[in-house]
Asker: 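Structure provided below as structure tokens; questions to follow.
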Amino acid sequence: MTTVSNPVRVLMVCLGNICRSPLAEGILKAQAAARGIPMEVDSAGISDYHEGDPPHRGSIDIARERGLAIEDQRSRPVRPGDFRHFDWLIAMDTSNKNALVHMAPPDFDVGRVKLLLDFAEFGPRDVPDPYYTGGFGEVFDLISAGCAGLLDHLGVAPGE
Ligand code: 4NP
């Protein structure tokens with residue numbers, strides 16, 4: 001069985017770390033705080049296309065509408081040390097998940113990479129990328145459902 005850190009450490013991952021995973025970081029932090037669960041939450045991108053950039057305007061605006069401030073976040077790529085540091089690496093879509101598994105060191109337990117929406121009870125498995133299609137409100141709702149399910153599963157070790 002894999003042991004997890006206390007507090008649990010979660011890295012939210014999408015392609016650019018400007019649209020979906022910054023929302024996931026902000027939403028999970030807020031939901032964990034509301035439940036009184038101490039957690040370390042960060043986000044990163046598979047790519048470094050937007051390294052140093054703030055979140056997309058659409059993500060900042062929908063977050064603000066829903067009462068969250070995410071504008072101080074800055075995009076960064078996934079780093080090798082993330083696979084050691086974080087208990088869970090949570091991918092926004094299947095392509096991100098496959099990329100994480102591909103990037104992981106050889107001794108890494110791939111059971112620690114999950115799709116966010118595997119924790120949601122219904123709906124799609126992938127969070128659609130609003131960078132291409134818009135729809136930030138729907139994306140916010142999907143990510144919220146995934147984060148709530150993720151928090152419900154805390155205490156279950158990755159891979160179980
Ligand atoms: P994200 O969206 O992965 O949700 O941050 C994207 C942002 C930027 C790009 C692709 C997806 N891009 O190709 O620059």
Side-chain angles (χ1 to χ4, degrees), residues 8-34 39-105 108 110-153 158:
V8 175
R9 301 169 181 168
V10 177
L11 185 68
M12 296 299 204
V13 178
C14 64
L15 177 57
N17 191 212
I18 57 166
C19 294
R20 294 166 294 173
S21 58
L23 281 173
E25 176 185 335
I27 291 168
L28 186 62
K29 281 178 176 171
Q31 290 188 0
M39 288 190 88
E40 181 184 323
V41 184
D42 195 4
S43 63
I46 296 297
S47 78
D48 62 2
Y49 301 156
H50 293 276
E51 186 165 9
D53 290 352
H56 192 284
R57 171 53 56 189
S59 291
I60 290 175
D61 288 348
I62 193 68
R64 187 172 296 146
E65 272 178 38
R66 310 290 182 95
L68 300 179
I70 65 165
E71 58 268 21
D72 289 344
Q73 294 183 33
R74 294 294 177 268
S75 174
R76 71 161 179 93
V78 174
R79 299 184 283 251
D82 291 328
F83 291 94
R84 287 189 301 277
H85 183 76
F86 290 95
D87 300 299
W88 300 85
L89 290 90
I90 306 295
M92 296 302 112
D93 66 30
T94 308
S95 164
N96 306 150
K97 182 182 177 190
N98 291 342
L100 282 170
V101 169
H102 190 72
M103 293 162 71
F108 179 75
V110 293
R112 288 164 50 210
V113 178
K114 298 286 188 192
L115 272 180
L116 178 66
L117 295 185
D118 278 347
F119 296 100
E121 282 178 19
F122 53 85
R125 295 300 88 194
D126 288 345
V127 179
D129 194 339
Y131 186 76
Y132 301 111
T133 58
F136 285 87
E138 183 208 357
V139 163
F140 190 101
D141 292 340
L142 287 170
I143 292 173
S144 293
C147 288
L150 176 61
L151 288 172
D152 291 342
H153 281 80

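Nothing fancy with the numbering, it's 1 onward along the sequence. For ligands, and for the atoms within them, numbers begin at 1 and follow the listed sequence. None of the values given here were measured: they were computed from a predicted structure.
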Asker: In the protein, which heavy atom is nearest to atom 12 (N) of ligand 1, and how far is it?
Answerer: Y131 CE2, 3.4 Å
Asker: Show the atoms of ligand 1 that are less than 4.0 angstrom away from any heavy atom in L15.
Answerer: 3 (O), 10 (C), 11 (C)
Asker: Between R79 and D48, does any NZ, NE, NH1 or NH2 come within less than 4.0 Å of an OD or OE carboxylate oxygen?
Answerer: no
Asker: Would you compute the distance between atom CZ of R20 and atom CG of L142 and round it to the nearest 0.5 angstrom?
Answerer: 11.0 Å
Asker: Distance under 4.0 Å to a non-hydrogen atom of G16: what atoms of ligand 1 satisfy this?
Answerer: 1 (P), 3 (O), 5 (O)
Asker: Taking distance alone, with no angle check, do C14 and ligand 1 share an N/O pair under 3.5 Å?
Answerer: no
Asker: Tell me: protein heavy atom nearest atom 13 (O) of ligand 1, and distance?
Answerer: Y132 OH, 3.5 Å
Asker: Give the intermediate values and the outcome of side chain to side chain donor-acceptor pair (under 3.5 Å) for residues S43 and N17.
Answerer: CA-CA 7 Å; S43 63; N17 191 212; 3.0 Å; yes
Asker: Return the closest protein heavy atom for atom 11 (C) of ligand 1 as residue, atom name and distance.
Answerer: D129 OD2, 2.9 Å
Asker: Can you name the salt bridge (Lys or Arg N to Asp or Glu O under 4.0 Å) partners of R9, sequence neighbours left out?
Answerer: E40
Asker: Treating R64 as the side-chain partner and E71 as the backbone partner, does any N or O pair qualify as donor plus acceptor under 3.5 Å?
Answerer: no
Asker: Out of all atoms in ligand 1, which are within 4.0 Å of some heavy atom of R20? Include the element for each.
Answerer: 1 (P), 3 (O), 4 (O)
Asker: Could you grab the distance from atom CG of L116 to atom CH2 of W88, nearest 0.5 Å is fine?
Answerer: 11.5 Å
Asker: Any sub-3.5 Å donor-acceptor pair from D126's side-chain atoms to T94's backbone N or O?
Answerer: yes
Asker: Less than 4.0 angstrom from a charged side-chain N to a carboxylate O is my criterion; do R125 and D118 meet it?
Answerer: yes
Asker: Do any N/O atoms on P130 end up under 3.5 angstrom from N/O atoms on ligand 1?
Answerer: no
Asker: Heavy-atom contacts under 4.0 Å between N17 and ligand 1: side chain, backbone, both, or neither?
Answerer: backbone
Asker: Within ligand 1, which atoms have a heavy atom of C19 less than 4.0 Å away?
Answerer: 1 (P), 2 (O), 4 (O), 5 (O)
Asker: Which residue holds the protein heavy atom closest to atom 14 (O) of ligand 1, what is that atom called, and what is the gap in Å?
Answerer: H50 NE2, 2.8 Å
